[in-house]
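First up is the structure itself, then whatever we jot down about it.
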Amino acid sequence: MRDHAKPLLRALAGEAVWPPPIWLMRQAGRYLPEYRALRMQAGSFLDLCFNSELAAEVTLQPVRRFGLDAAILFADILLVPFGLGQQLWFADGEGPRLEPITTAADLTRLEPDGLLPRIAPVLETVKRVKAVLPREVGLIGFAGAPWTVATYMIAGRGTPGQAPAREAARTDPAFFAALNEILVEATTCYLLAQIEAGVEVIQLFDTWAGSVDPDLFEALVITPTRKIVEAVHKAHPRVPIIGFPRNIGQAARLFAESTGVTALGVAQSDAEWALRELPPHLVIQGGLDPEALVAGGALLEDHARRLLSMARGRPYIFNLGHGVVPKTPPENVMRLVDIVRNQGAQN
Ligand code: CP3
């Protein structure tokens, strides 16, 4: 099939494509001057997400500049709470802010029916990108996993260790379960709409999976992910889903075995163990320390080469262990792409 000429899709189909395809989490963003210019033109980050023309352009910027193997839709995991009617704003220089949701009464104010109308411009962005994307480049859609999204909805912001959500899950399990159920449904609906608009791959970001206490891991991380994967695959069995449960250590084995994800994204702290210990047919993505990309030079080269040599022979997608950070020099990204393409071709 023509689509399978795309290295990203071949790797996700289980082929040990070499050199491996490469894209970077948070590849569109503040480290790029051309992003900062459009962000300024749009006004705010949310205005940029909801301006399909500018969001499509921002999606394409890193693909054009670096020749990456995938574009990731420009949006945010917090557009789901926003779509459900929760107040969301991004104060300049700070992180996201939401009106916290902490009680069963707050949940009754959420409007699941408002989700698709509110996020409609994001689906328009998908169509615009799809129409002009180079044919060898894959298009990735995404959502936050319910646990990670819930941590922001409950605390109203990012907090150290996401303590407010951990506490809510313990002290008010009925409230937490009800929120979880709303998020499983809304996330599924949002992802199906992205697929119908044209994305070819889904990534589920569970940035805060590593903060869940072990006895709640199954209920808060595994089960909601499995439900979403099952529902998406029921409608679209062939769309690959990359799970990214960040910093979960050796629980990644259980995650990979029991959620039904097509591929496992790994943080820098989990990468070497995962590449060594997890079955060779499992598709793995990521693992490079974002700080190595900031540092560049010999450090970047050493880290990248080490990952390449460990991943050789299995289906692997080159990526970071978390997102590109704003202080990253863009030329280091170009250097990394060269290392992966050239070094990968040699070893
Ligand atoms: O990867 C991409 O380039 C696509 C777009 C994308 C953004 N956010 C744009 C964004 C993606 C995939 C995300 C995911 C996301 N958003 C996650 C999961 C991945 C991760 O990094 O852990 C999380 C936890 C969020 C929530 C969020 N959005 C936070 C905490 C912040 C502020 C701090 C930060 O990391 O930048 C955002 C804002 C945000 N999302 C920006 C961008 C480009 C910066 C906005 C700006 O221009 O000021």
Side-chain angles (χ1 to χ4, degrees), residues 22-51 54-66 68 70-82 86 88-98 122 125-126 129 138-153 155-162 165 187 190-191 194 199 201-211 242-248 265-268 285-286 290 319-328 330 333:
I22 173 171
W23 69 279
L24 304 176
M25 294 186 278
R26 310 294 294 272
Q27 64 190 24
R30 284 166 297 182
Y31 74 108
L32 289 178
E34 61 268 36
Y35 168 82
R36 292 197 298 269
L38 287 194
R39 161 89 158 67
M40 210 134 85
Q41 192 181 326
S44 72
F45 171 65
L46 274 185
D47 288 333
L48 180 53
C49 289
F50 288 121
N51 180 326
L54 295 186
E57 178 57 24
V58 167
T59 303
L60 291 163
Q61 283 173 344
V63 175
R64 252 190 237 124
R65 192 196 254 251
F66 305 118
L68 298 159
I72 179 162
L73 170 66
F74 189 80
D76 197 83
I77 65 164
L78 299 177
L79 296 189
V80 165
F82 176 86
Q86 189 174 11
L88 168 69
W89 66 102
F90 285 81
D92 264 341
E94 299 174 35
R97 292 287 184 274
L98 303 99
V122 175
T125 306
V126 173
V129 172
L139 179 55
I140 303 173
F142 72 93
W147 164 252
T148 286
V149 174
T151 64
Y152 290 98
M153 292 178 82
R157 59 197 298 167
T159 51
Q162 301 297 58
T187 306
Y190 180 47
L191 292 175
Q194 289 183 35
V199 306
V201 173
I202 293 295
Q203 176 151 325
L204 266 177
F205 285 90
D206 214 346
T207 301
W208 291 99
S211 72
I242 305 166
F244 176 52
R246 193 172 70 98
N247 284 352
I248 62 169
V266 291
Q268 55 272 25
Q285 169 179 284
N319 205 320
L320 303 178
H322 198 189
V324 178
V325 297
K327 64 182 177 203
T328 305
V333 176

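Just so we're clear, the structure is a prediction, and the values are computed from it rather than from any experiment. Starting from 1, each residue takes its place in the sequence as its number. Order of listing sets the numbers, starting from 1, for every ligand and every atom in it.
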Q) Side chain of Gln86, backbone of Met153: donor and acceptor closer than 3.5 Å? A) yes
Q. Which atoms of ligand 1 have any heavy atom of His322 under 4.0 Å away?
A. 20 (C), 21 (O), 22 (O)
Q.
So if I count the atoms of ligand 1 from 1 in the order they appear, which ones are less than 4.0 Å from some heavy atom of Pro96?
A. 29 (C), 30 (C), 31 (C), 32 (C)
Q | Under 3.5 Å: donor-acceptor pair, side chain of Gln61, backbone of Glu34 | A | yes
Q: Say whether Trp208, considering both its backbone and side-chain N or O atoms, lies within less than 3.5 Å of an N or O atom on ligand 1.
A: no
**Q.** Proximity of Gln203 to ligand 1 by residue part, where a heavy atom lies under 4.0 Å
**A.** neither
Q. Which atoms of ligand 1 have any heavy atom of Leu73 under 4.0 Å away?
A. 4 (C), 5 (C)
Q: Using a strict cut-off of 4.0 Å, indicate which atoms of ligand 1 neighbour a heavy atom of Phe205.
A: 12 (C), 18 (C), 19 (C)
Q. What is the nearest protein non-hydrogen atom to atom 9 (C) of ligand 1, stated with its residue, atom name and distance?
A. Ala75 O, 3.3 Å
Q: Report the part of Pro62 in contact with ligand 1, treating N, CA, C, O as backbone and CB onward as side chain, heavy atoms under 4.0 Å; options are side chain, backbone, both, neither.
A: neither
Q | Subset of ligand 1 atoms that lie under 4.0 Å from at least one heavy atom of Phe74 | A | 43 (C)
Q: Could you pull out all residues at least two apart from Thr187 that satisfy side-chain hydrogen bond (donor to acceptor under 3.5 Å, both in side chains)?
A: none
**Q.** Nearest-neighbour protein heavy atom for atom 15 (C) of ligand 1, which is reported as residue plus atom name and distance
**A.** Ile77 CG2, 3.7 Å
Q) Going through the distances and angles, do Phe205 and Thr148 end up as a side chain to side chain contact (heavy atoms under 4.5 Å, CB included)? A) CA-CA 8 Å; Phe205 285 90; Thr148 286; 5.8 Å; no
**Q.** N/O separation below 3.5 Å, Tyr152 to ligand 1
**A.** no
Q | Backbone of Ala165 reached by a side-chain donor or acceptor of Thr151 within 3.5 Å | A | no
Q: May I ask you to identify the nearest protein heavy atom to atom 3 (O) of ligand 1, giving residue, atom name and distance to one decimal place in Å?
A: Ala28 N, 3.0 Å
Q. Considering residues at least two apart in sequence or located in another chain, which fulfil the side-chain contact (heavy atoms from CB on, under 4.5 Å) criterion with Ala55?
A. Phe74, Thr125
Q | Arg36 atom CZ: more than 12 heavy-atom contacts under 6.0 Å | A | yes
Q. Out of Arg26, Met25, Gln27, which one pairs with Ile72 under the side chain to side chain contact (heavy atoms under 4.5 Å, CB included) rule?
A. Gln27
Q.
Would Arg157 and Glu94 count as a salt bridge (Lys or Arg N to Asp or Glu O under 4.0 Å) here? Give the steps.
A. CA-CA 10 Å; Arg157 59 197 298 167; Glu94 299 174 35; 5.3 Å; no
Q: Could you give me the CA-CA distance, side-chain angles and deciding distance for Ser44 and Trp89, then say whether side chain to side chain contact (heavy atoms under 4.5 Å, CB included) is met?
A: CA-CA 9 Å; Ser44 72; Trp89 66 102; over 6 Å; no
Q.
For a side chain to side chain contact (heavy atoms under 4.5 Å, CB included) check, start with the C-alpha distance between Leu32 and Phe66, then their side-chain angles and the critical distance, and finish with the verdict.
A. CA-CA 11 Å; Leu32 289 178; Phe66 305 118; 4.0 Å; yes
Q) With only distance considered, is Thr148 within less than 3.5 Å of ligand 1 through an N or O on each side? A) no
Q: Any atoms of ligand 1 less than 4.0 Å from a non-hydrogen atom of Arg39? List them with their elements.
A: 46 (C), 47 (O), 48 (O)
(Q) Tell me if the aromatic rings of Phe142 and Phe244 count as close, with their centers under 6.0 Å from one another. (A) no
Q. Which is closest to atom 37 (C) of ligand 1 in terms of heavy atoms, Phe90, Tyr31, Phe244?
A. Phe90
Q: Just go through Met25, Arg157, Arg30 and tell me whose heavy atom is the nearest to atom 33 (C) of ligand 1.
A: Arg30
Q | For atom 21 (O) of ligand 1, closest protein heavy-atom neighbour | A | Arg26 NH1, 2.8 Å
Q: Give yes or no for whether the N/O distance cutoff of 3.5 Å, strictly under, is met between Asp76 and ligand 1.
A: yes
Q: Before signing off on this row, confirm whether Gly29 and ligand 1 have an N or O atom pair separated by under 3.5 Å.
A: no
